[in-house]
Q: 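Before I ask anything, here is the structure I am working with.
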Protein chains: 2
Amino acid sequence: MKSLPEKTIERLSVYRRTLLNCLAEGKEYIYSHEIANLHNITAVQVRRDIMLIGYSTTLKKGYNVRALIELIGDILDSPRGLNVAVVGIGNLGRAITAYFRGKRSRLQIVAAFDTDPEKINRVISGVKCYSMNDLQQIINEKQIPVAILTVPPDYAAKVSEALVYSGIKGILNYTSVPVNVPSDVVLENYDMITSLEKVAYYVKQKLGDNSKVSYEE
Amino acid sequence: MKSLPEKTIERLSVYRRTLLNCLAEGKEYIYSHEIANLHNITAVQVRRDIMLIGYSTTLKKGYNVRALIELIGDILDSPRGLNVAVVGIGNLGRAITAYFRGKRSRLQIVAAFDTDPEKINRVISGVKCYSMNDLQQIINEKQIPVAILTVPPDYAAKVSEALVYSGIKGILNYTSVPVNVPSDVVLENYDMITSLEKVAYYVKQKLGDNSKVSYEE
DNA sequence: TAAACAATGTTATTCTTTTAACAATAAATA
DNA sequence: TATTTATTGTTAAAAGAATAACATTGTTTA
């Protein structure tokens with residue numbers, strides 16, 4: 001399989017969730033422009049993404065929702081599922097596990113880690129919490145290739161090192177500190193403060209355009 | 001001011017936080033390649049970003065950290081700060097307010113909204129929580145142009161409509177549902193499930209490359 | 001059935017972003 | 001002081017992503 005553009009991968013993930021909703025509402029077929037409207041993008045982009053994953057329909061009644069979902073699954077999911085750990089089970093960690101709760105998904109959050117003795121050995125948001133000291137052991141025992149990093153900023157670097165050392169293959173970093181990993185480990189840094197500052201920047205630009213008030217004095 | 005590339009805006013936000021740390025450690029000057037190493041990017045990209053914001057140094061001792069921070073502030077921040085509301089103060093909402101707690105920033109989270117009677121009129125993570133019914137009133141009274149949307153998926157569409165109607169200028173949407181706003185409202189959709197699925201996809205790819213095991217049977 | 005329409009599939013173009021190439025110059029060194 | 005080195009600033013090229021243009025083809029309708 002030739003590799004798909006990163007942005008297409010992202011959109012496929014979102015498409016799938018929207019399509020699952022459609023299916024739940026009894027919708028069997030969907031037009032490219034309907035998918036587009038649901039996501040604030042153009043129908044061309046939708047069609048192009050769908051072309052890239054090799055789906056095509058001869059009908060003019062839109063795409064078969066079920067078939068599309070399945071095909072996206074073939075691309076995104078690992079056949080046997082993929083285990084995930086949440087490292088740092090504070091508010092953010094719990095928010096993420098909550099997202100997955102009850103969802104039937106090929107991604108399973110199978111362990112949480114924390115340093116707080118109050119949390120260790122308890123089940124939090126449906127996930128057993130282990131001591132950070134047992135990181136390597138549990139990751140190996142449970143065969144966990146992916147970790148979500150939601151520890152306080154000061155611990156980010158140390159913990160990500162430990163994760164790499166424990167053999168983790170992918171890290172989704174939600175701390176506000178960029179972390180560094182060897183090139184054979186997949187890394188996605190996402191920074192919530194940055195997104196907020198970005199929105200604020202564009203809002204400032206717009207306000208500045210419409211009324212110079214805030215700059216006048 | 002000519003408008004800067006979106007990616008540059010994002011990086012500036014991250015640079016600033018890293019630079020603040022450097023300053024806290026007593027570092028007065030920093031080389032482009034040092035900034036680059038901290039962020040897993042190239043020095044050229046750093047220099048280009050810095051060129052774009054119009055900073056330049058005649059010294060060969062690196063950039064003046066203090067000056068850079070200030071200049072980034074001139075670009076990103078509104079002179080008088082910008083008020084922000086968190087709409088839906090569950091785990092995710094609390095995680096975000098916690099980020100900002102104690103941070104001296106030009107972005108202030110000044111209100112939370114929720115429907116849970118247990119939360120309304122209480123102070124949560126340092127922020128007063130109001131009833132969702134008072135959205136418009138409070139947004140106007142407190143002059144809040146930016147909202148962070150962290151409500152359960154089913155409420156996302158309704159609440160974002162209400163926000164737009166209340167005169168909000170920017171929405172940062174963390175629900176797993178894409179929302180739609182008029183073109184004069186700044187919108188950033190960020191989907192945590194998608195980022196996790198993306199990491200999982202690339203991990204799958206890598207594992208597939210190294211050992212075909214998972215596809216063999 | 002023929003014409004018009006509406007939808008998809010694909011190539012070409014444009015735009016954005018990153019990377020490369022290299023000129024300029026302060027600082028260090030022989 | 002002349003030479004080398006290290007660093008910045010800037011233009012040029014390449015890569016990646018979105019958009020536009022358009023060909024194709026079921027479906028509907030006169």
Side-chain angles (χ1 to χ4, degrees), chain A residues 2-15 19 22 27-65 67-68 71-72 75 178 183 187-189 194 198 201-202 205, chain B residues 2-15 19 22 27-65 67-68 71-72 178 183 187-189 194-195 198 201-202 205:
Chain A
K2 69 250 165 205
S3 76
L4 296 163
E6 181 169 343
K7 297 291 173 186
T8 296
I9 296 296
E10 292 177 10
R11 283 190 296 267
L12 288 176
S13 163
V14 187
Y15 294 166
L19 291 170
C22 292
K27 198 171 172 65
E28 296 270 334
Y29 290 90
I30 192 165
Y31 295 121
S32 60
H33 62 260
E34 289 178 305
I35 300 181
N37 288 339
L38 289 169
H39 300 93
N40 284 324
I41 58 178
T42 66
V44 182
Q45 192 160 57
V46 173
R47 291 205 301 274
R48 205 169 195 292
D49 287 334
I50 289 174
M51 180 194 89
L52 288 173
I53 65 176
Y55 179 86
S56 88
T57 177
T58 148
L59 280 74
K60 301 277 158 167
K61 292 288 182 189
Y63 302 99
N64 182 305
V65 174
L68 252 188
L71 187 52
I72 294 175
I75 290 172
S183 64
L187 173 67
E188 173 89 2
N189 283 303
T194 289
K198 188 168 82 170
Y201 168 81
Y202 287 112
Q205 297 282 96
Chain B
K2 68 251 164 203
S3 76
L4 296 163
E6 181 169 342
K7 296 291 174 188
T8 296
I9 296 296
E10 292 177 9
R11 283 190 296 267
L12 289 175
S13 163
V14 187
Y15 294 166
L19 291 169
C22 292
K27 198 171 174 64
E28 297 271 334
Y29 291 89
I30 192 166
Y31 294 120
S32 59
H33 62 260
E34 289 178 304
I35 300 180
N37 288 340
L38 289 169
H39 299 93
N40 285 323
I41 57 176
T42 67
V44 183
Q45 193 160 56
V46 173
R47 291 206 300 276
R48 204 168 197 293
D49 286 335
I50 290 175
M51 181 194 87
L52 288 173
I53 65 176
Y55 179 85
S56 88
T57 178
T58 149
L59 282 74
K60 301 276 160 169
K61 293 289 181 189
Y63 303 98
N64 183 303
V65 175
L68 252 188
L71 188 50
I72 294 175
S183 63
L187 173 67
E188 173 89 2
N189 283 304
T194 289
S195 2
K198 188 168 83 171
Y201 169 81
Y202 286 113
Q205 297 283 96

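In what follows, every chain begins at residue 1, and chains take the letters A, B, ... in the order their sequences are listed.
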Q: Between B:Asp49 and B:Ile53, is the side chain to side chain contact (heavy atoms under 4.5 Å, CB included) condition met? List the steps.
A: CA-CA 7 Å; B:Asp49 286 335; B:Ile53 65 176; 6.0 Å; no

Q: What's the closest nucleotide to the A:Lys7 side chain, out of D:dA18, D:dT11, C:dG9?
A: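 Of all the options, the side chain of A:Lys7 is nearest to D:dA18.
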
Q: Can you figure out which of C:dG9, D:dG26, D:dA17 approaches the side chain of A:Thr58 most closely?
A: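 Output: D:dG26.
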
Q: Rounded to the nearest Å, what distance is computed from the CD1 atom of residue B:Ile30 to the C1' atom of nucleotide D:dT8?
A: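 The distance from CD1 of B:Ile30 to C1' of D:dT8 comes to 15 Å, rounded to the nearest Å.
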
Q: Determine whether B:Lys198 and A:Glu188 make a side-chain contact, defined as any pair of heavy atoms from C-beta on separated by less than 4.5 Å.
A: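 Yes; the side chains approach each other to less than 4.5 Å.
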
Q: In whole angstroms, how far is the C1' atom of C:dT16 from the CG atom of B:Asp49?
A: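 In whole Å, C:dT16 C1' and B:Asp49 CG are 14 Å from each other.
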
Q: To the nearest Å, give me how far apart OH (B:Tyr55) and P (D:dT10) are.
A: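 Checked: the OH to P distance equals 14 Å.
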
Q: Want to settle it: does A:Arg11 or A:Lys61 sit nearer the 5' end of DNA chain D, counting the closest nucleotide to each?
A: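 Between the two, 5'-proximity favours A:Arg11.
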
Q: Less than 4.5 Å apart, any side-chain heavy atom of A:Gln45 and any of A:His39?
A: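 A side-chain contact is absent here, since even the closest heavy-atom pair is not under 4.5 Å.
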
Q: Between A:Leu59 and A:Arg48, which has a closest nucleotide on DNA chain C that is more 5'?
A: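 Its nearest nucleotide lies further toward 5', so the answer is A:Leu59.
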
Q: Tell me the interatomic distance from A:Asn64, atom CG, to C:dA7, atom P, rounded to whole angstroms.
A: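 After rounding, the reported distance stands at 17 Å.
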
Q: Working to the nearest 0.5 Å, report the span between OH of B:Tyr15 and CG of B:Leu68.
A: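 Those atoms lie 10.0 Å apart.
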
Q: Quick check on the 6.0 Å ring-centre criterion: do A:Tyr55 and A:Tyr63 meet it?
A: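 Yes - the distance between ring centres of A:Tyr55 and A:Tyr63 falls below the 6.0 Å cut-off.
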
Q: For the side chain of B:Lys60, starting at C-beta, report the closest nucleotide among C:dT25, C:dT17, D:dA20.
A: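 When the side chain of B:Lys60 is considered, C:dT25 is the closest of C:dT25, C:dT17, D:dA20.
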
Q: Between C:dA7 atom P and A:Tyr63 atom OH, what is the distance in whole Å?
A: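 Going from A:Tyr63 (OH) to C:dA7 (P), I get 12 Å.
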
Q: From CE of B:Met51 over to P of C:dT18, roughly how many Å is that when rounded to an integer?
A: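 Rounded to whole Å, this separation is 14 Å.
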
Q: Give the residues of residues 31-41 of chain B touching DNA chain D, defined as any heavy atom closer than 4.0 Å, sorted by residue number.
A: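 Hits under 4.0 Å, by residue number: B:Tyr31, B:Ser32, B:His33.
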
Q: Round to the nearest Å and state the distance from A:Leu52 atom CG to D:dA17 atom P.
A: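 Rounded to the whole Å, the gap is 11 Å.
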
Q: Return the CG to CG distance between B:Leu187 and A:Asn40, rounded to the nearest 0.5 Å.
A: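 Atom-to-atom, B:Leu187:CG and A:Asn40:CG are 6.5 Å apart.
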
Q: Starting from P on C:dT18, measure out to CD on B:Gln45 and report it in whole angstrom.
A: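 About 5 Å, once rounded to whole Å.
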
Q: Is any side-chain N or O of B:Thr57 closer than 4.0 Å to OP1 or OP2 of D:dT8?
A: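 False: B:Thr57 side-chain N/O out of range (4.0 Å or more) of D:dT8 OP1/OP2.
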
Q: Quick one: does A:Ile9's side chain get under 4.5 Å of B:Thr194's, heavy atoms only?
A: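 No, too far: nothing below the 4.5 Å cut-off.
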
Q: With a non-hydrogen cut-off below 4.0 angstrom, is A:Thr8 in contact with a base, only sugar-phosphate, or nothing?
A: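 Nothing, no nucleic acid heavy atom in range.
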
